[in-house]
Protein chains: 2
Amino acid sequence: MPPPTKKTPATTEAPAAPSARAERLDARVLEGLVGYNARRAWLIVSTVFADRMAPYGLKQIDFSVLSLLAHNPGATSRQLCNTLDILPPNLVNLVAALDSRGLIERRPHPHDGRAVGLHLTPAGETLIREAEQAVVQLETEASSRLSTRERETLIKLLQKIYL
Amino acid sequence: MPPPTKKTPATTEAPAAPSARAERLDARVLEGLVGYNARRAWLIVSTVFADRMAPYGLKQIDFSVLSLLAHNPGATSRQLCNTLDILPPNLVNLVAALDSRGLIERRPHPHDGRAVGLHLTPAGETLIREAEQAVVQLETEASSRLSTRERETLIKLLQKIYL
DNA sequence: TATTGTTATACTCTATAACTATA
DNA sequence: TATAGTTATAGAGTATAACAATA
C-alpha cells in the first residue's frame with residue numbers, strides 16, 4: 001500500500017507544512033501492515049465498547065462469556081477457553097465474579113464429575129439480551145463509515161486470517 | 001449478521017455432533033462483530049510477528065518506533081506518542097532501551113530546548129531495513145489466505161474505522 | 001501559563017507452574 | 001496417565017498524578 005511514490009492519500013492532506021509543533025509523522029509503512037491496522041481499528045471499537053457497556057458492568061470478555069453461554073447453555077470453562085483462546089487460570093475469577101453477581105450458575109456436569117456446566121440465570125438472560133442489542137448498535141456506529149456490504153466484507157476477510 | 005434463523009454459515013459445518021469432549025461452541029454472534037474479529041486476526045498476526053522478530057530483539061512497539069524514525073529522522077517522543085497513540089510515560093523506558101542498544105541517538109532539538117530529536121544510528125538503520133523486509137514477508141505469510149487485492153481491501157476497510 | 005520529558009506507581013491483561021479431584 | 005478446574009504468581013501493557021526544565 002505505501003509505495004515509495006509520494007501520492008496523496010484519500011483524505012485531504014496538506015504537504016506536511018513545517019508547522020510550529022505537533023505535526024503528524026509519515027506512518028505509511030505501518031499503515032501498509034495488516035497487524036498494525038487491525039490493532040488500531042480494534043482499539044477504536046473497543047473504546048466505544050467499553051463506554052457503552054459500562055452501564056451493564058460488562059467488559060469485552062464478560063460479554064463474550066455471557067453471549068457464548070446464552071447460545072451454548074451448560075458449556076464448560078474449558079470450552080469457553082478453547083473458543084475464546086484464553087487460558088483457564090484467567091477465566092476463574094471472571095466466572096466467579098459473574099456467579100457472585102447472580103448472572104450465571106454452576107451446575108454439576110451430567111456426564112463428567114470433574115466439569116461444571118455454566119448456565120445463565122434469568123437475570124443473566126435479560127442482561128445479555130439487552131447487552132447484545134447495545135453491542136449491535138455500538139458496532140454499527142463504530143463502523144459508520146462502512147456500508148453494510150463493506151462491513152460484511154471486512155469481517156469475512158478478517159476471518160480468513162484467524163479462522 | 002447472526003440472525004435468529006438457524007442458517008448454515010459459509011464454512012462447511014457438521015451439525016454439532018455430540019462428540020466425547022472438546023466440541024466447539026456456537027460463536028456466531030461474536031463472529032458477526034468487527035471488534036471481535038479484528039482482535040482475533042490481530043492476535044494471529046502478532047503471534048507470527050513476535051516469533052519472527054525475536055531474532056532482531058524487536059517487539060511490535062520497538063519496530064513501530066524504529067520504522068517511524070527511519071522515515072521521520074529527528075522526530076520527538078511527543079510526535080511518536082501522537083502517531084502511535086501511546087502515552088509519554090510508556091515510551092520513556094522504550095526509547096532508553098533502544099538508546100542503550102545503540103540503535104538510536106538523542107540529539108538536542110534545533111528549535112526547542114525542551115524537546116529531544118531522535119535519530120537512528122547506522123546500526124539502527126541496518127537493523128530496521130532488515131526488520132522491515134522480514135515484516136513484509138511475515139505479513140504476507142500471515143495473510144496467505146488473502147489475495148493481494150483482498151489484503152489491500154482489508155487494510156482500506158480497517159482504516160475507514162480508525163483513520 | 002502551557003508543553004516536553006520524566007519518575008513513580010497502580011491497575012489490567014496475559015502467562016506459567018503446580019496442586020486437587022475426577023476420569 | 002490424562003483432563004477440568006483451581007491457586008498463586010510473575011510479567012507485560014496501559015493508565016494517572018506530579019515534577020523539572022523550557023517555551
Side-chain angles (χ1 to χ4, degrees), chain A residues 19-23 25 35 39-40 42-44 46-47 49-51 53-54 57-65 74-100 104-118, chain B residues 19-23 25 35 39-40 42-44 46-47 49-51 53-54 57-65 74-100 104-118:
Chain A
S19 72
R21 55 178 62 85
E23 73 253 36
L25 298 178
R39 180 170 152 74
R40 294 300 297 257
W42 172 74
L43 229 48
I44 293 295
S46 69
T47 300
F49 189 104
D51 288 347
M53 285 297 107
L58 297 180
K59 300 182 185 180
Q60 295 187 67
I61 186 65
D62 301 310
F63 174 83
S64 295
V65 167
T76 67
S77 290
R78 191 46 155 165
Q79 291 177 312
L80 292 175
C81 285
N82 287 338
T83 306
L84 295 174
D85 241 321
I86 60 178
L87 269 2
N90 298 329
L91 189 64
V92 174
N93 292 333
L94 206 140
V95 164
L98 294 175
D99 193 357
S100 295
I104 67 173
E105 222 177 40
R106 315 186 197 203
R107 303 186 198 156
H109 191 94
H111 306 319
D112 191 333
R114 298 167 300 181
V116 179
L118 302 174
Chain B
S19 73
R21 53 179 64 87
E23 74 255 32
L25 298 179
R39 179 170 153 76
R40 294 301 296 258
W42 172 75
L43 229 47
I44 294 294
S46 69
T47 300
F49 189 104
D51 288 346
M53 286 296 106
L58 298 181
K59 300 182 186 181
Q60 295 187 66
I61 187 64
D62 300 312
F63 173 83
S64 295
V65 166
T76 67
S77 292
R78 190 47 155 164
Q79 290 177 311
L80 292 176
C81 285
N82 287 339
T83 305
L84 295 174
D85 240 323
I86 61 178
L87 269 3
N90 299 328
L91 189 63
V92 174
N93 291 334
L94 206 142
V95 164
L98 294 175
D99 192 359
S100 294
I104 66 173
E105 221 178 39
R106 315 185 198 203
R107 303 186 199 156
H109 190 95
H111 305 319
D112 191 334
R114 298 167 300 182
V116 179
L118 302 174

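Letters A, B, ... mirror the listed sequences (proteins, then strands); counts begin at 1.
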Quiz item: What is the distance from atom NE2 of A:His109 to atom CG of A:Leu118, rounded to the nearest 0.5 Å?
Solution: 11.0 Å
Quiz item: Atom CG of A:Asn93 and atom P of C:dC11: how far apart are they, to the nearest Å?
Solution: 16 Å
Quiz prompt | Closest listed nucleotide, where the reference is the side chain of B:Val116 and the choices are C:dG5, D:dG5, C:dT16 | solution = C:dG5
Quiz item: To the nearest Å, how far apart are A:Leu94 CG and C:dC13 P?
Solution: 9 Å
Quiz item: Where does the angle between the aromatic ring planes of B:Trp42 and A:Trp42 fall among parallel (under 30°), tilted (30 to 60°) and perpendicular (over 60°)?
Solution: parallel
Acceptor/donor pairs from residues 85-95 of chain A side chains to any protein atom, 3.5 angstrom cut, sequence neighbours excluded:
unit_1: A:Asp85; atom_1: OD2; unit_2: B:Arg40; atom_2: NH2; d: 3.2

Quiz item: Closest to the B:Pro89 side chain: D:dT16, C:dT12, D:dT6?
Solution: D:dT16
Quiz item: Rounded to the Å, how far apart are B:Gln79 CD and C:dG5 P?
Solution: 8 Å
Quiz prompt | Nearest heavy atoms of B:Arg106 and B:Ala96, plus distance in Å | solution = NH2-CA, 3.3 Å
Quiz prompt | Nearest-angstrom distance from the residue atom CG of B:Asn82 to P of C:dT3 | solution = 12 Å
Self-check item: Donor-acceptor pair (no angle test) under 3.5 Å: B:Arg78 side chain, C:dT4 base
Solution: no
Quiz item: Atom CG of B:Leu43 to atom P of C:dT14: distance rounded to whole Å?
Solution: 8 Å
Exercise. Report the residue (A:His111 or A:Ile86) whose heavy-atom-nearest nucleotide on DNA chain C is the more 5′ of the two.
Key: A:Ile86
Practice problem: Starting from the 5' end of DNA chain C, give me the residue, B:Arg106 or B:Arg39, whose nearest nucleotide shows up first. | Solution: B:Arg106
Quiz item: Which of these nucleotides, C:dT12, D:dT6, D:dA15, is closest to any side-chain atom of A:Pro88?
Solution: D:dT6
Quiz item: Can you check the A:Asp112 CG to D:dT3 C1' distance for me, whole Å?
Solution: 8 Å
Quiz item: C:dC19 C1' sits how many Å from A:Arg114 CZ, rounded?
Solution: 16 Å
Quiz item: Per the atom types in the model, does the base of C:dA15 pair as donor or acceptor with the side chain of A:Asn90 at under 3.5 Å?
Solution: yes
Exercise. Write down the distance between CD (B:Gln60) and C1' (C:dC13), rounded to a whole number of angstrom.
Key: 15 Å
Exercise. With DNA chain D as reference, determine whether A:Gly117 or B:Lys59 sits nearer its 5' end, using the nearest nucleotide of each.
Key: A:Gly117
Exercise. Output the distance between atom OG1 (B:Thr83) and atom CZ (B:Arg78), rounded to the nearest 0.5 Å.
Key: 11.0 Å
